[in-house]
Novice: 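Submitted below is the structure of interest, expressed as structure tokens.
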Amino acid sequence: MSYIEVEEVVKDYKIKKRNSEQSRVRQLLFPEYELKRAVDHISFSVEAGEIVGYLGPNGA
């Protein structure tokens with residue numbers, strides 16, 4: 001029996017786009033966003049007594 005069970009976790013962040021073609025006022029009033037996926041369908045389980053760490057591609 002798993003102590004912790006995680007299935008199909010997904011996390012997206014909304015990040016403001018910077019467009020050099022638009023004026024700064026327009027960017028302030030009408031910001032454009034793009035989605036960046038930080039976690040894509042992660043599943044894992046942890047048994048009682050286990051010690052677990054998760055490292056991303058940059059080591060964080």
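Being a predicted model, the structure only gives us computed values, none of them experimental. One-based numbering along the sequence shown.
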Novice: Crowded around R37 CZ? As in, over 12 foreign heavy atoms under 6.0 Å?
Specialist: yes
Novice: For E47, enumerate each residue passing the side-chain hydrogen bond (donor to acceptor under 3.5 Å, both in side chains) test, keeping only those at least two apart in sequence or located in another chain.
Specialist: S2
Novice: Kindly indicate, with the supporting measurements, whether the criterion side chain to side chain contact (heavy atoms under 4.5 Å, CB included) is fulfilled by V9 and H41.
Specialist: CA-CA 5 Å; V9 174; H41 300 286; over 6 Å; no
Novice: Nearest 0.5 angstrom please: E8 CD to S43 OG, how far?
Specialist: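 Going from CD on E8 over to OG on S43, the span is 4.0 Å.
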Novice: Are V10 and I4 linked, directly or through intermediate hydrophobic residues, by side-chain heavy-atom contacts shorter than 4.5 Å (ILVMFWY only)?
Specialist: no
Novice: Hey, quick one: are F30 and V25 part of the same hydrophobic cluster, counting side-chain heavy atoms closer than 4.5 Å, chains of contacts allowed?
Specialist: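 Yes, F30 connects to V25 through the hydrophobic network.
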Novice: Search all heavy atoms of V6 against all heavy atoms of I42 and return the closest pair with its distance.
Specialist: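 Heavy-atom minimum between the residues: CG1-O, 4.2 Å.
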Novice: What's the spacing between R24 CZ and R26 CZ if we round to 0.5 Å?
Specialist: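 Answer for the CZ-CZ pair, R24 versus R26, is 15.5 Å.
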Novice: Look up atom CD in Q27 and atom NZ in K17, then write down how far apart they are to the nearest 0.5 Å.
Specialist: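 So the gap between those two atoms works out to 11.5 Å.
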Novice: Residues in side-chain contact (heavy atoms from CB on, under 4.5 Å) with Y33, at least two apart?
Specialist: K14, K16, P31
Novice: If you take all heavy atoms of Y3 and A48, which pair is closest and at what distance?
Specialist: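 Answer, listing the atom of Y3 first, then A48: CB-N, 3.7 Å.
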